[in-house]
Amino acid sequence: AALVARAKAVIAASFPVEGDVDVLPEAKLPAAAYYKPRGRHRAEKILDWLDASADTKYATVVGLTAGDISTTKDAVPDWGIFGLGALGGRACVISTFRLKKDASRQKLVERLEKVIAHEVGHTLGLPHCETKGCIMQDAKGTIKTVDGETLEFCAACKARLDGKKPEE
């Protein structure tokens with residue numbers, strides 16, 4: 001419950017949200033997303049499920065799970081990830097499974113906030129950013145990158161969120 005409350009707060013603080021950020025009832029991950037060989041869930045299938053099952057009144061849908069999630073990355077068919085957001089889509093999913101590694105409760109919350117902001121940023125059309133410290137920086141599979149990020153968008157990403165060209 002405390003992590004869900006932090007997720008709600010970071011979304012409201014980081015993005016232009018009209019109205020309230022709603023927390024929907026807890027639901028089991030879809031059986032179709034389960035990847036038995038590794039005992040985890042495929043993130044892209046969770047995105048499809050979130051998008052199909054959430055009311056269309058929601059512009060963005062954030063799924064939060066404690067279970068391990070993965071996706072295909074380059075030549076690796078089952079790459080474990082912190083989160084996945086549909087670029088320009090509606091859904092994203094974040095897992096605390098890998099965020100907990102060597103983390104105090106405070107560090108876990110900080111990581112969660114950063115990954116949520118990053119994945120919601122993808123749903124709003126922001127790609128990965130090369131600017132060191134930007135919340136949209138690609139973690140490249142390492143928690144050290146997440147730990148080194150700020151909870152801020154660089155000027156170019158902020159401008160994109162505000163609907164301006166970066167040089168404006």
Side-chain angles (χ1 to χ4, degrees), residues 1-24 26 29 41 43-44 46-47 49-51 54 57-71 73 79-166 168:
L3 292 178
V4 171
R6 285 304 311 145
K8 181 177 175 177
V10 78
I11 293 166
S14 300
F15 300 98
V17 177
E18 292 184 23
D20 292 330
V21 174
D22 293 337
V23 176
L24 302 177
E26 186 174 330
L29 292 175
H41 287 80
E44 64 278 356
I46 296 171
L47 295 186
W49 172 74
L50 287 169
D51 193 40
K57 72 179 183 180
Y58 299 113
T60 303
V61 181
V62 179
L64 182 60
T65 181
D68 198 11
I69 60 174
S70 65
T71 193
K73 181 175 173 139
W79 178 268
I81 57 175
F82 309 128
L84 185 69
L87 188 60
R90 186 169 85 119
C92 62
V93 61
I94 295 91
S95 168
T96 60
F97 184 85
R98 293 171 187 279
L99 301 178
K100 293 178 187 176
K101 185 178 180 181
D102 300 324
S104 65
R105 180 69 175 182
Q106 180 179 343
K107 180 59 76 177
L108 170 61
V109 170
E110 289 172 10
R111 289 172 174 174
L112 178 64
E113 290 173 341
K114 291 174 184 179
V115 175
I116 288 170
H118 178 95
E119 300 307 341
V120 172
H122 282 320
T123 68
L124 298 175
L126 294 178
H128 284 142
C129 180
E130 296 298 320
T131 303
K132 187 174 175 151
C134 178
I135 198 68
M136 293 311 298
Q137 187 177 0
D138 186 353
K140 298 187 192 283
T142 175
I143 199 68
K144 288 180 183 180
T145 304
V146 175
D147 288 343
E149 293 171 340
T150 64
L151 190 53
E152 302 290 330
F153 296 96
C154 70
C157 289
K158 179 75 171 134
R160 285 187 192 98
L161 276 178
D162 292 341
K164 302 174 186 169
K165 292 184 180 176
E168 288 183 337

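Source: prediction; values computed, not measured. Hydrogens, waters and symmetry mates are skipped; everything else that's a heavy atom, side chains included, is used. Note that the numbering runs from 1 along the sequence shown for the chain.
Taking all atoms of both residues into account, the shortest heavy-atom contact from Gly85 to Leu47 is C-CD1, 4.2 Å. Across every non-hydrogen atom of Ile69 and Arg98, the tightest pair is O-NE, 4.3 Å. Of all the heavy atoms in Glu44 and Leu84, the pair that sits closest is N-CD2, 3.7 Å. Minimum heavy-atom separation, Ile46 to His41: CD1-CB, 3.7 Å. Nearest heavy-atom pair, Ala66 versus Thr96, reported as atom, atom and distance to 0.1 Å: CA-OG1, 3.3 Å. Nearest heavy atoms, Arg160 versus Leu126: CB-CD2, 3.5 Å.
At least one donor-acceptor pair closer than 3.5 Å links the side chain of Arg90 to the backbone N or O of Tyr58. Not one N or O on the side chain of Thr65 forms a donor-acceptor pair closer than 3.5 Å with the backbone of Ser95.
A search for side chain to side chain contact (heavy atoms under 4.5 Å, CB included) contacts involving Arg111 returns Leu99, Ala103, Lys107, Ile143, Val146, Asp147, not counting sequence neighbours. For Lys158, the salt bridge (Lys or Arg N to Asp or Glu O under 4.0 Å) criterion is met by Asp162, not counting sequence neighbours. Phe153 meets the ring pair (Phe, Tyr, Trp, His ring centres under 6.0 Å) test with Phe15; sequence neighbours excluded. Applying the ring pair (Phe, Tyr, Trp, His ring centres under 6.0 Å) test to Phe97 and every residue at least two apart in sequence or in another chain returns nothing. Under the rule for a side chain to side chain contact (heavy atoms under 4.5 Å, CB included), the partners of Val4 that lie at least two apart in sequence or sit in another chain are Val23, Leu64. Remark: Asp22 pairs with no residue by the salt bridge (Lys or Arg N to Asp or Glu O under 4.0 Å) rule, at least two apart or across chains.
Put simply, OG on Ser14 and CD1 on Ile135 are 7.5 Å apart, with the number rounded to the nearest 0.5 Å. To the nearest 0.5 Å, atom CG of residue Leu3 and atom NZ of residue Lys8 are 15.0 Å apart. How far CD of Glu149 is from SG of Cys134: 7.5 Å, rounded to the nearest 0.5 Å. Of the inter-residue distances, the one linking Leu112 atom CG with Phe82 atom CZ reads 12.5 Å to the nearest 0.5 angstrom. In this structure, Glu130 CD and Met136 CE are separated by 12.0 Å, a value rounded to the nearest 0.5 Å. Rounding to the nearest 0.5 Å places CG of Asp102 at 12.0 Å from CG of Leu108.
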- Task: For side chain to side chain contact (heavy atoms under 4.5 Å, CB included), just list the numbers for Val62 and Thr123, CA-CA rounded to whole Å, side-chain angles, deciding distance to a tenth of an Å, and then say yes or no.
- Result: CA-CA 10 Å; Val62 179; Thr123 68; over 6 Å; no
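The number of heavy atoms from other shown groups lying within 6.0 Å of NZ (Lys132) does not exceed 12.
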